[in-house]
Each structure stands twice: as C-alpha cells, then as structure tokens.
Amino acid sequence: MKIKSAESERHVLAVTVDNEPGILAKITGLFTARGYNIDSLTVADITEDHAVSRITIVTNGPPQVIDQIEAQLERLVPVHKVTDLTAAGPHVERELALIKVAGKGEARVEALRIAELFRAKVIDTTISSFVFELTGPPDKIDSFISLMRELGLVSVGRSGVVGMMRGAEGV
Amino acid sequence: MECLVDQGVEYVFGYPGGAVLPIYDELFGDERIRHILVRHEAGAAHAAEGYARATGKPGVVLVTSGPGATNAVTGIADAFLDSIPMVVITGQVPTALIGTDAFQEADTVGITRHCTKHNYLVKDPADLVATVEEAFRIATTGRPGPVVIDIPKDVQIAVPSESKTLVAPGSHRYAPQMVAPADQIAEAIELIANAQAPILYTGGGVINSGSRASELLRKFQDMTNAPLTSTLMGLGAFPNTHPDWLGMLGMHGTYEANMAMNKCDVMVCIGARFDDRVTGRLDAFSPDSTKIHIDIDRSSINKTVPVDLGILGDCATVLEQLIEAWGDRSPRDLGEWKARIAGWRARECLAYPDRSKKDPKAIMPQKAVERLYELTKEKSPIISTEVGQHQMWAAQYFGFDKPNKWLTSGGLGTMGYGMPAAIGAQLGNPDDLVIDIAGEASIQMNIQELGTASQYRLPVKIFILNNEYMGMVRQWQELTYESRYSNSYSDSLPDFVKLAEAYGWKGIRITDEADLDASIMAMIEHDGPVLVDCCVAKDANCLPMIPSGAAHTEMLLYGDEVGGTMDDEAKALV
C-alpha cells in the first residue's frame with residue numbers, strides 16, 4: 001500500500017503567548033505530535049515587563065491542516081492570539097542572516113561586489129574572509145547564499161522569518 | 001490543602017511517596033478532605049475520572065514523583081481524550097535536584113505536556129494558590145480536561161513570603177466562548193426547519209455541559225421531532241426508550257442509526273467530534289447532508305469532516321439559544337423520513353442467535369447484559385466498563401435514560417478503566433448501584449483495586465463476561481487475519497470467585513443460563529462488593545459492525561459471512 005500526501009501551502013503564523021517556561025516546548029511538541037511541519041520558528045519577548053512573547057512560525061500544509069494548526073495553537077492556555085499573516089492579507093516578512101565567506105583574489109572581490117548589490121553589510125573582516133549581515137525576505141537571502149556558495153561560503157546563520165501586517169492595525 | 005478545600009474538593013485519590021510526604025502530612029487528621037488510598041496510581045487516575053464523570057465535579061489525584069506520576073499518565077491521557085475534568089497533583093524532587101537524575105525524578109511536566117489540557121511546575125511557593133485556582137478553572141470550564149500541577153518537595157514545605165502579593169497568573173486568560181453568535185443560530189434554525197430528513201448526532205459534550213444540556217436536548221428534539229443518535233460517550237443524554245432514539249452509531253452502532261446518518265439531508269452534531277469509530281470511511285461519510293457542528297472546542301470543528309456551519313459554544317447554552325430561536329414553529333412533517341427509518345429498524349440489527357454454534361449450552365453474552373439491564377433498571381444504576389467486546393455489548397444492550405450513569409473509556413480505550421472508575425463513582429454516589437461490566441482480560445489490568453473497594457466498604461459490583469479471550473482482538477483476527485488467534489487467548493486465568501473472596505468480596509460464578517437471574521439478584525441484594533464471573537459463549541462476536549475501511553452502509557450483521565482476510569489498506573486502519 002502507499003501512504004498518501006496532499007498539496008501543501010506555505011503560511012506564516014504570528015503567535016503571541018504568555019512568556020512562561022515550557023511554552024515553546026508545548027508549541028513545538030504540538031507540531032511533532034500532530035505531524036505538522038515547521039519551516040522556521042523565531043521567538044522573543046516583546047513587552048516591557050517581559051510577560052508576552054511573539055513567536056513567528058513558518059509552516060506548510062493543505063488548507064484544512066493550516067486551519068487545524070491555528071485551532072490547536074489557540075487551544076493552548078498560554079496562547080493569546082494566532083494570526084495567519086498569509087491569509088490575513090498584505091504583510092511583510094524579513095529574515096536576518098550572517099554569512100561567512102573565505103577566499104582570496106578575484107573571488108573575494110566578486111563576493112564584496114555582490115554583497116553591495118544585495119545591500120549586505122560587512123560586519124567582520126580578515127585578509128581572507130568576510131562576515132556579511134543581510135536582512136530581507138527569505139528568497140533574497142536564499143539567492144545571496146547560493147551565489148556565495150560559488151565564492152567560498154564557510155558558514156551560514158539565519159534567524160528565521162519574522163512577519164508583520166502592513167497598515168496601521170496591530171499584528 | 002486550604003486551596004483544595006476552597007475548591008470544594010471532597011475526595012482525593014492517591015498514593016503516598018517520598019516527594020509528596022509534606023502534603024500527606026497535612027492530610028493527616030484533616031477531616032475536610034477524604035483521601036482514598038488506591039493500590040496503584042493508574043487506579044487513582046481512573047477513580048478520579050469515574051468520580052468526575054458520575055458527579056460532574058472535578059476529580060483530584062495526588063501521587064508522588066517519578067513512578068507515581070508515570071503510573072498516572074494513562075489515566076491522564078484517558079481523561080484528556082474523553083474530556084474529563086481532573087486535577088492531578090504530583091510531587092517532584094526538590095528544586096535544587098531537578099535535572100540531576102535524582103531518586104524518583106521524572107520530567108512530569110514534559111511527559112504530560114501533550115496529554116493534559118495544561119500543566120505547571122510550581123517553582124515559587126508564592127504562585128501555588130493562584131496556580132491551583134487556575135488549574136481548577138481550566139480543568140472544569142470550556143472543554144474539560146486534566147491539568148497537572150507538579151510541586152517540588154521544597155515548595156510544598158516553604159512558606160510564601162508575606163511581602164509578595166499573590167496575583168492569579170493572567171486571570172485574563174482562558175475564556176472559552178460559550179454563547180454562539182445570533183446569525184449562526186438563525187442559520188441553523190433555518191436549515192433544521194427546512195430539512196426533510198434531519199438527524200441529531202450527539203456526543204459526550206452534552207454530558208460534559210451538565211444535566212441541563214440533556215434536558216434542553218430532549219426539549220429541542222421534541223420541538224423539531226428529529227430522530228436522534230449518540231456516540232458511545234453521549235449515551236444517557238437522551239432516553240433509550242424514546243421512539244425517536246436510533247441507538248448508538250458508529251462501528252458497533254445500530255443499522256438504523258448508521259443508515260440514517262448516511263441518508264440524512266441535515267445533520268446536527270452536538271458535542272461530538274466525528275471520531276474515526278463514528279464516521280467509518282471518511283469519503284463515504286454522510287455524503288449528501290448539510291452538516292452543522294456545535295462544539296466548545298474550535299479545533300474539533302472541521303478537523304476530520306468539513307462542515308457547512310460550525311457553531312462555537314457550550315452545548316447547553318447553544319441548545320437554549322436554538323430553542324428560543326425555534327419559538328413556536330411547529331415541526332415539519334417527517335413521516336416519510338421516519339418510515340424509511342422504520343424500514344431500517346425492521347432489520348433488527350441487534351438480534352443475536354439464541355445459542356452459540358460451538359458451545360450451545362453457554363450463556364450468550366448479549367443475553368447476560370439484557371438480563372442485567374432488566375433486573376437493575378428500576379434502580380437506575382451507574383455502569384462502568386472496561387474496553388472490548390463487553391463494552392460494546394453494554395453500550396448496545398444496556399439502556400440509559402439519564403446522563404452521568406455511563407462511564408467508559410471511549411477515546412483512549414483503556415483496559416482496566418472500569419473497576420477504579422466504579423470505585424470513584426460509588427464514592428460520589430454512595431446510595432447508587434454501581435456496576436462495572438467487565439471482561440476477564442480487562443479486569444486483570446487493575447485487579448489490585450479490589451483491595452481499595454474492600455478498604456472503604458464500597459458496595460461496587462463487577463460483572464465479568466468471561467469468554468476466555470481478549471474478545472475484540474479475537475474478533476478482529478477472525479475478520480482480518482484468517483482466525484490466527486495470535487496471543488488473544490486468556491490463558492492461566494485466576495479463579496475469580498476465590499480471588500474475590502481473598503479480598504473480602506462476595507464471589508458468584510454463573511455457568512448455567514437458568515441461574516442467570518437469581519445470581520444477578522443475589523449480586524444486587526448483597527450489601528457489599530460482589531464480583532460475578534459470568535461464563536459466556538466463547539465464540540460470540542460483537543455485531544453489527546462496520547469493518548475497517550468500510551462505509552456506514554456496509555455493516556456486517558448477524559448471519560453475514562464473516563472471516564477471511566483484508567487488503568493492506570484496510571489492515572492499516574485501526
């Protein structure tokens with residue numbers, strides 16, 4: 001017999017939660033236990049008193065699974081609100097990456113030139129290496145990294161996506 | 001302790017151990033809370049479930065760290081799947097030792113994270129009062145469920161400093177939506193009023209919503225005149241003697257209930273969750289109906305079956321809204337629909353052969369349950385069950401006309417649930433007749449609790465349908481694996497009568513149908529715990545049945561040829 005799979009869509013969820021021990025484990029465990037996917041996850045507290053955290057989860061799945069993910073997240077007691085940015089309308093997504101490239105001669109010059117095109121900042125340098133800082137939507141970072149792969153890519157660190165609705169309203 | 005008294009706790013089911021000694025010392029000599037000492041922590045959790053299910057109040061469990069907590073996990077998971085309000089207090093090693101693999105240390109909060117509605121590790125004694133208050137609120141409101149509070153031993157002893165103000169952690173949080181929006185109610189009424197073939201499909205949510213929900217359900221059914229079926233968990237919300245009662249639906253439900261679900265034009269699901277045991281093959285589930293789903297848990301709506309109108313709210317509140325919105329309409333003439341149902345009913349799906357083919361002298365288990373029902377119904381008994389064939393026979397052949405009288409492990413399907421649940425139910429209802437209808441295999445999973453009933457002089461009754469097989473496993477092996485009975489024979493059974501007597505119970509064995517009634521009467525009349533070992537036909541199967549991977553319309557009934565094998569797709573279904 002074959003195990004079936006369904007068409008999936010990418011969604012960005014913004015989740016505000018009480019900043020209490022175990023909440024991250026509850027959320028990631030929920031994804032594992034129910035067989036949902038996490039493409040990226042970021043978390044940091046966002047209020048002055050450190051009481052509330054905002055978690056941004058990039059997930060993918062068929063529409064009814066996305067709906068279930070939201071419902072299951074809302075069922076957790078420390079979760080205040082779940083917003084599906086992808087479904088809610090126009091929104092912005094940004095990610096930060098640190099990219100280390102090592103090399104000499106032409107490759108080094110080319111790496112710096114491309115970094116300028118991408119508006120990446122050089123935040124560390126030696127005679128034979130750079131660390132670039134780049135922010136942007138995930139696909140921009142993907143293409144920068146793939147170019148650097150040709151030019152002596154050493155290591156990559158990515159923050160995962162954070163997102164926000166456009167316009168004056170909250171979330 | 002004071003917190004528990006404030007919450008109105010009468011009973012705590014538990015077992016002491018190193019990491020809860022300070023709490024046990026507080027319990028000592030305190031007259032306000034009665035501690036029920038079980039024989040195994042699983043028994044404590046199931047007893048608390050039985051107490052909760054039979055009284056509507058939260059069950060409270062107190063166990064120690066490590067093995068105390070892990071032994072309780074099955075009962076916690078059971079309460080999670082069946083939405084039973086329960087607060088479990090577990091001891092934990094002192095805060096300084098957490099994470100050091102200390103003696104009897106287990107990551108209780110980690111282990112119970114996904115089988116509780118919420119859980120806590122209390123590290124600061126100042127948080128304790130607020131945590132207990134919130135735990136009870138979460139366990140009992142919205143969709144009920146188990147909540148674990150893990151308390152390190154030093155936190156149990158410490159006195160919170162006076163200066164620190166005790167604030168409930170986020171009293172803002174957890175506010176389930178009880179009342180449904182008016183436009184959804186209006187839309188539902190419109191659909192129901194215009195239906196030609198409506199059906200009410202109700203579940204455990206109606207029981208959880210309180211006895212008022214059952215009254216309102218009866219009233220709403222009376223107004224709409226719609227036929228009604230219920231899940232296993234919902235039995236008792238609607239009287240089994242009502243002419244519009246179709247019986248239970250699903251895998252071992254009645255033919256008429258399943259056919260009516262398949263052919264209806266408007267389905268109103270109230271507090272049920274389209275479980276796989278109910279729906280059968282999903283793509284063939286009630287293909288032509290408009291579906292309305294009333295549930296307090298948003299994640300239950302559209303989980304497996306997409307519905308046309310999802311109404312988020314409490315069953316009783318929404319039923320009240322529906323009744324008000326229905327006003328003085330008169331129900332539509334459903335004569336044609338009821339005539340079709342009468343046709344399905346005429347198939348008499350619960351008929352069973354008088355005698356077993358292989359064992360013609362043996363008592364048919366269905367007969368035993370029927371007689372048990374007839375001889376006890378005047379007393380309106382509370383029935384608990386274990387899990388397996390006997391559970392389904394109890395659901396099919398025992399009648400329930402009141403809520404909170406039927407305690408069974410539906411979601412998790414936990415063997416060993418019944419006896420501790422009966423103990424909990426008996427404590428909550430000291431004057432009621434409480435019977436655990438059991439199988440000889442299941443009962444052995446928590447047999448040690450015989451001692452608990454003896455200790456507290458609880459007159460619980462256990463009625464074992466003994467067929468010397470894990471009957472449901474054997475039945476599936478017949479249907480799916482060409483009768484290769486791999487490990488489903490109950491070998492080396494104890495002499496249940498002697499075992500009962502060893503624990504100070506009365507033991508009765510029934511082998512002859514002629515003794516059935518008299519023995520049941522002897523069981524009821526004995527003023528103390530009784531274990532009945534009713535030896536029944538070994539080959540009886542639980543029918544009707546929707547086999548794995550089949551639709552509601554493809555039920556197996558008595559007289560149908562059963563046996564052989566199935567393809568891998570069907571075998572992969574549970």
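Lettering of chains follows the sequences in order, A, B, ..., and the numbering in each one begins at 1.
Annotation: side chain of B:R298 is in contact with side chain of A:E74 (closest heavy-atom distance under 4.5 Å). Within the 4.5 Å cutoff, the side chain of A:P21 has no heavy atoms near those of the B:K123 side chain.
Distance check, rounded to the nearest 0.5 Å: CZ of B:R113 to CD1 of A:I27 gives 11.0 Å.
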_I'd like to know whether A:R75 forms a side-chain contact (heavy atoms from CB on, under 4.5 Å) with B:R143, so could you lay out the CA-CA distance, the side-chain angles of the two residues, the decisive distance to 0.1 Å, and finally the verdict._
CA-CA 10 Å; A:R75 202 147 85 110; B:R143 180 176 177 177; 3.5 Å; yes
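Heavy atoms of other residues, nucleotides or ligands lying less than 6.0 angstrom from CG of B:D101 number 12 at most. In the displayed structure, A:R119 atom CZ is contacted under 6.0 Å by at most 12 heavy atoms of other residues, nucleotides or ligands.
For A:E20, the part lying near chain B is the side chain, with the backbone staying farther off; criterion is any non-hydrogen pair under 4.5 Å. Using a 4.5 Å cut-off between heavy atoms, B:L121 makes no contact with chain A at all.
Among all heavy-atom pairs drawn from A:D67 and B:I301, the shortest one is OD2-O, 4.5 Å. Between B:N119 and A:K26, the closest heavy-atom pair is OD1-NZ, 3.1 Å.
Formation of a donor-acceptor pair under 3.5 Å by the A:Q68 side chain with backbone atoms of B:S299 is found in this model.
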